[in-house]
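These notes are about the structure you will find just below.
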Protein chains: 2
Amino acid sequence: MKDSPGFLPLYRQVYDRLVKRITDGDWRPSEALPSEYALANELGVSQGTVRKALNEMEAEKLVERRQGKGTFVKEHTDEASIFRFFRLTRLDGARLTPESEVESINRRLANKQEKSVLGLEQKEHVIEIHRIRLVDHSPCVIETIILPQALFPDFDRLESLSESLYPLYQRKFGIHIVEVEEQLQAVAATKEDAKRLKIPDGTPLLRVDRVALTIIGRQVEWRSSLFETRKFVYSVNLN
Amino acid sequence: MKDSPGFLPLYRQVYDRLVKRITDGDWRPSEALPSEYALANELGVSQGTVRKALNEMEAEKLVERRQGKGTFVKEHTDEASIFRFFRLTRLDGARLTPESEVESINRRLANKQEKSVLGLEQKEHVIEIHRIRLVDHSPCVIETIILPQALFPDFDRLESLSESLYPLYQRKFGIHIVEVEEQLQAVAATKEDAKRLKIPDGTPLLRVDRVALTIIGRQVEWRSSLFETRKFVYSVNLN
DNA sequence: GAGTGGTCTAGACCACGCA
DNA sequence: GCGTGGTCTAGACCACTCT
């Protein structure tokens, strides 16, 4: 006689309310939330319950907690974002800080595959970005990025793009990426790839297809990258 | 006048003691630990403190907690282990269950690189394993696995190897892998690779170099794999 | 019904950052 | 010295599992 959820813990309800207030923009990136006691008071629960909700949010990297200071909405800075999602390193494991050159930005109707990957309905528009990323002044990644136009109004009229795009999504469009799903394959460079990366035809490349997700699991970016991995490697830890 | 650690929380000390008892084999895989209250009593702390330590151990997948039943040492079953660390999937994301053919197992002195990667001292021996993994009866991965002989006594006299090696490490040698570090590159198949995988020379392959670590960060396996990714992809989520 | 982990509360004290 | 988050305790009650 019970339903499937049957029971939603109080701290979960607190979590949901706080997450909503962040995604709604009640507290902006790098701003402090009220203290645990203030929130507990406001929501009519104990401080320990708020604490549990905030700790979950910290585990998901939505906020950052600092003893003696407070709880802050996590900001996607360029450095942090590259450190977190850009997995290319030198052979010895040292992190890289690439530079980017945007080649083109266009707006057009989404094709079938894009609608499927991004979960779009009929006749929606997408933004298509092509760029090259360089390390030590030589090209090593080519990227194609597809964004649902509806979530990124006037994206194609931005004056310039930052090196790391996720801080931009957060700052300008209130979109907070918390997870990416990637699929990797080894492929041979086509003539065009080879020309753009200044490498021989047929060089093996690491192809990475990535879908970026928000806290509620909404797909907001589809990115297809080709990495030249003769001097660099893609590093990842699994737990 | 304080030292660098300066302060070690009680739950951390409880955590350390419990982890040690598991790695020492006091409780075997799939066995239940004493209840929170029993442990709290035995260790002279409150139940909430034990709880916090156990929750950390659950987050690290060292134990599994089941409401109404108890806390159990997590067992590396074949299925769970493949699901967790074998990242190859079909193009639609469906998981694969490969079969393996061991080609050779040898014991020899570690070379310089192996000593560096595995953190070995002078003149230690290693076990070297070569195997091929097949999906749908066709070869798609070739692996070279290096183990420090000291941690795996008589490994080369085992009658057979299970499909997934980590359950074997846990069951026979008390070694519990909790994390792997991987470095990925795209490379061209050599003549020998091509022959073993039954593919054309120079086919792009995904090369994965993996170091497997225990809970205390000890390197216990170095594995170099070459994946044929025309029909499959390496899938990973980043948070 | 007994025993386990999960939630929730209330209160005390500690470590840290800052003015 | 004050306010913040971090730790620790004690106790009550809930949800789940098995007998």
Side-chain angles (χ1 to χ4, degrees), chain A residues 1-19 21-22 27-75, chain B residues 1-19 21-22 27-75:
Chain A
M1 204 57 178
K2 267 186 304 186
D3 272 342
S4 14
F7 172 64
L8 190 61
L10 197 46
Y11 75 85
R12 241 296 174 187
Q13 303 173 37
V14 171
Y15 169 94
D16 288 340
R17 292 186 61 168
L18 295 178
V19 167
R21 293 186 65 177
I22 288 178
W27 303 299
R28 304 289 308 165
S30 86
E31 272 183 24
L33 273 63
S35 74
E36 294 179 353
Y37 281 103
L39 288 170
N41 217 350
E42 176 189 332
L43 299 170
V45 299
S46 80
Q47 174 256 2
T49 301
V50 171
R51 167 172 272 289
K52 183 148 184 177
L54 289 174
N55 283 341
E56 299 252 317
M57 290 162 69
E58 183 180 38
E60 286 162 326
K61 301 189 175 71
L62 214 71
V63 299
E64 190 174 353
R65 315 195 72 197
R66 291 199 285 266
Q67 186 173 159
K69 298 195 70 177
T71 301
F72 302 82
V73 180
K74 190 129 174 181
E75 188 174 14
Chain B
M1 203 54 178
K2 269 186 303 185
D3 272 341
S4 18
F7 171 64
L8 189 60
L10 197 46
Y11 74 86
R12 241 297 176 186
Q13 303 173 37
V14 171
Y15 168 94
D16 289 341
R17 291 186 62 168
L18 295 179
V19 167
R21 292 186 65 177
I22 288 178
W27 302 300
R28 304 288 308 164
S30 86
E31 272 184 23
L33 274 63
S35 75
E36 295 179 351
Y37 281 103
L39 288 170
N41 215 350
E42 177 190 331
L43 300 171
V45 300
S46 80
Q47 173 256 2
T49 302
V50 171
R51 176 176 209 47
K52 182 147 186 178
L54 289 174
N55 283 341
E56 299 251 318
M57 291 162 70
E58 184 180 38
E60 286 163 325
K61 301 191 176 71
L62 213 73
V63 299
E64 190 174 350
R65 315 195 71 196
R66 291 199 284 267
Q67 184 174 160
K69 299 193 69 174
T71 301
F72 302 82
V73 179
K74 189 128 174 183
E75 189 174 14

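All values below were derived from every heavy atom in this structure, side-chain atoms included, with hydrogens, water molecules and symmetry-related copies excluded. The chains referred to below are lettered A, B, ... by the order of the sequence lines, with proteins before strands, and numbering in each begins at 1. Please read all numbers here as calculations on a predicted model, not as lab measurements.
Here A:E60 does not pair with A:K74 in a salt bridge; the nearest charged N to carboxylate O distance is not below 4.0 Å.
Atoms CG (B:L39) and P (C:dG5) sit 8 Å apart, rounded to a whole Å. Put simply, CZ on A:R66 is 15 Å from C1' on D:dG3, counting in whole angstrom units. For B:R12 and D:dC8, the CZ to P distance is 12 Å, given to the nearest whole Å. The CG atom of A:L8 sits 14 Å away from the C1' atom of C:dG6 (whole-angstrom rounding). Spacing between atom CD of B:E64 and atom C1' of C:dG6 amounts to 16 Å, rounded to whole angstrom units. When rounded to the nearest whole Å, the span between CG of A:L10 and P of D:dC14 equals 14 Å. Rounded to an integer number of Å, the gap from NZ of B:K69 to C1' of D:dT19 is 13 Å. If you take CZ of A:F72 and P of D:dG5, they are 8 Å apart, rounded to a whole angstrom.
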Candidate pair A:T71 and A:L39, rule side chain to side chain contact (heavy atoms under 4.5 Å, CB included), full reasoning: CA-CA 11 Å; A:T71 301; A:L39 288 170; over 6 Å; no
Before you tell me yes or no, could you show the steps for B:E56 and B:L62 under side chain to side chain contact (heavy atoms under 4.5 Å, CB included), namely the whole-Å CA-CA distance, both residues' side-chain angles and the distance that decides it to 0.1 Å? CA-CA 9 Å; B:E56 299 251 318; B:L62 213 73; over 6 Å; no
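The residue among B:G48 and B:Y37 whose nearest nucleotide of DNA chain D is located toward the 5' end is B:G48. Mapping A:Q67 and B:Q47 onto DNA chain C by nearest heavy atom places B:Q47 closer to the 5' end of the strand.
Of the candidate nucleotides C:dT9, C:dT4, D:dT7, D:dT7 has the atom nearest to the side chain of B:F7. Distance from the side chain of A:N55 is smallest to D:dG6 among C:dA15, D:dG6, C:dG6.
Put simply, CG on B:L18 and CH2 on B:W27 are 5.0 Å apart, with the number rounded to the nearest 0.5 Å.
Note on B:Y11: only backbone sugar-phosphate atoms sit closer than 4.0 angstrom, heavy atoms only; bases stay farther off. Looking at heavy-atom distances under 4.0 Å, B:R51 makes contact with a base.
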